[in-house]
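To find a chain, count down the sequence lines: A is the first, B the second, and so on, and within it residues start at 1.
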2 protein chains.
Amino acid sequence: MTDPAGEVAVVGLGPGSRAWTTPEAADAVAAADVLVGYGPYLDRVPANPRQERFPSDNRVEAERAAHALELARAGRRVAVVSSGDPGVFAMAAAVLEVADRPEFAGVPVRIVPGLTAAQAVAAKVGAPLGHDFCVLSLSDVLKPWDVVLDRLRHAAAADLVIALYNPRSKHRPHQLGEAQKVLLENRSPDTVVVVGRDVGGSAERLTVTTLGDLDADTVDMRCLVLIGSSRTRVSATGAVYTPRTYPADPS
Amino acid sequence: MTDPAGEVAVVGLGPGSRAWTTPEAADAVAAADVLVGYGPYLDRVPANPRQERFPSDNRVEAERAAHALELARAGRRVAVVSSGDPGVFAMAAAVLEVADRPEFAGVPVRIVPGLTAAQAVAAKVGAPLGHDFCVLSLSDVLKPWDVVLDRLRHAAAADLVIALYNPRSKHRPHQLGEAQKVLLENRSPDTVVVVGRDVGGSAERLTVTTLGDLDADTVDMRCLVLIGSSRTRVSATGAVYTPRTYPADPS
């Protein structure tokens, strides 16, 4: 039996800073009686003795989703807490996929969006996402590496700005370098690149470099990498932006 | 001479609902002594008799940017107010481009990000942006139509989810239909499509259809169109999501 009082809200706190958490997200977290999520994300939520907390590992998304749905089925108001936007490479799709199983029929799920890392990095350096762009995860944990490379080639050929999530991990140290090589087949080494690390957090660091000079070894999983289009430029004051206008002949 | 007290903050209120405006954006607007922006966006900001307001047309971005920078150079704290995220097809790139002129050297500009329409539409229907995606403007006001079609072809071939901004206007009534035709060269007519109109606002409407059935005539400039990947699906309860996993052979 499904208790009608229960629900799962998949909530995005936005990246790093509390000033980026929307009122909707703050309210959804405050109204929950159970919080589920990766430990460091739960640590960003102010303590509330009324709330039970289930911190978890950053992986095992399906198990975490099933646990949240079980609690909601039993009548609990559950918030699955994410950093960034849960709709972008995060828990929203995982929860909806598990919620689609017959045993969870009738358990309400709602998604509460948040700013995603690409927007935060972009705003901190200027407006690199001011023209057409794409958002790709460089991880091959959930898709074949060939698919990643194919998408990078299309994005480079289409001259899109590219935001790379999960750019590098200890288990996949060579992939960013390979991606860089593939992008250089279609893009100039002068292409503007921005690396944002822990943006909005206490260890925030922003680096503006080029596709030719990018040192993949300085990038880790807490980074987001933005690859400019052929039009992305650095202003006299150091702001990075992609003009809204794209000419018939960009070269 | 540049008065050091002045600045331009390019602020995103997020789409529609006030519950989506971040505290940073609300603070930036409250701290300004001049608000510049498209009239309907300024109407979303609570009245403050201390503030001067300069509502404008939705076009003339460069003039609006220059006006904001002139006011800031004279020592005013100016907020350029946008809906959505000013970093995504909006005023941030326009302001930075104009700020790069020698006459505005030394005028501080900062960008305050907001949720963008694609995130709002996605959250309302589920998690269609749960896997790799791209964000394209369908308008050819600022780029050649051939570039738009080329990008659509690459995005379709790469099997990205596609968020289409500015999908259709009175002046460009046929373009969405053309885009649909180009996408159908690479994508099944069963591809899930979501049309969100005025999401978060009083006239919110969400339609889930397919690429084959999409009726371009029902779409206008207040709409955002999401084209799923081959993996995007509709759950038993009507939620639209793109699974986080992409198989080696998606067909």
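For the atom pair R244(A) CZ and S139(B) OG, the distance stands at 8.5 Å (nearest 0.5 Å). With values rounded to the nearest 0.5 angstrom, D100(B) atom CG is found 8.5 Å from R233(A) atom CZ. Rounded to the nearest 0.5 Å, atoms CD (E61(A)) and OG1 (T245(B)) are 9.0 Å apart.
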side-chain contact (heavy atoms from CB on, under 4.5 Å) evaluation trace for L160(B) with L136(A): CA-CA 9 Å; L160(B) 299 173; L136(A) 307 178; 3.7 Å; yes
Kindly indicate, with the supporting measurements, whether the criterion side-chain contact (heavy atoms from CB on, under 4.5 Å) is fulfilled by D159(B) and R151(A). CA-CA 8 Å; D159(B) 204 13; R151(A) 289 177 176 175; 3.9 Å; yes
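Contact annotation: the side chain of T237(B) never approaches that of V109(A) to less than 4.5 Å [non-hydrogen atoms, C-beta and beyond]. Side-chain contact between P113(A) and W20(B) is present, with heavy atoms from C-beta onward closer than 4.5 Å.
Taking each heavy atom of A92(B) and A127(A) in turn, the nearest pair found is CB-CB, 3.7 Å. When all heavy atoms of D150(B) and A158(A) are compared, the closest pair comes out as OD2-CA, 4.3 Å. Across all non-hydrogen atoms, the minimal contact from A93(A) to Y241(B) is O-CD1, 4.2 Å. Shown here for L96(A) and V240(B), the closest heavy-atom pair between the two residues is CD1-O, 4.4 Å.
Of all the listed residues (A94(A), G126(A), P23(A)), the one sharing the greatest number of non-hydrogen pairs under 4.5 Å with chain B is P23(A). Ranking D146(A), T22(A), V135(A) against chain B, the residue ahead of the rest is V135(A), based on heavy-atom pairs under 4.5 Å. Comparing G14(B), P243(B), A25(B), S235(B) by heavy-atom pairs within less than 4.5 Å of chain A, the highest count is held by S235(B). Taking P128(B), G114(B), A122(B) one by one and counting their heavy-atom pairs under 4.5 Å with chain A, the maximum is reached by G114(B).
Classification of the F89(B)-H131(A) ring pair by plane angle, with boundaries at 30° and 60°, yields perpendicular.
Using a 4.5 Å cut-off between heavy atoms, S17(A) makes no contact with chain B at all. Within the 4.5 angstrom heavy-atom criterion, atoms from both the backbone and the side chain of V88(A) approach chain B. Within the 4.5 angstrom heavy-atom criterion, only side-chain atoms of A239(B), from C-beta onward, approach chain A. With a threshold of 4.5 angstrom between heavy atoms, V147(B) approaches chain A through side-chain atoms but not through N, CA, C or O. For S137(B), the parts lying near chain A are the backbone and the side chain together; criterion is any non-hydrogen pair under 4.5 Å. Only the backbone of T21(A) comes within less than 4.5 Å of a heavy atom of chain B; no side-chain atom from C-beta onward does. Only the backbone of A90(A) comes within contact range of chain B, with at least one heavy atom under 4.5 Å from a heavy atom of that chain. Of the two parts of R18(A), only the backbone, made up of N, CA, C and O, holds a non-hydrogen atom closer than 4.5 Å to a non-hydrogen atom of chain B.
The main-chain N or O of Q119(B) is never found under 3.5 Å from a side-chain atom of D85(A) such that the two would form a donor-acceptor pair.
Salt bridge present: K143(A) and D132(B) bring a charged side-chain N and a carboxylate O closer than 4.0 Å.
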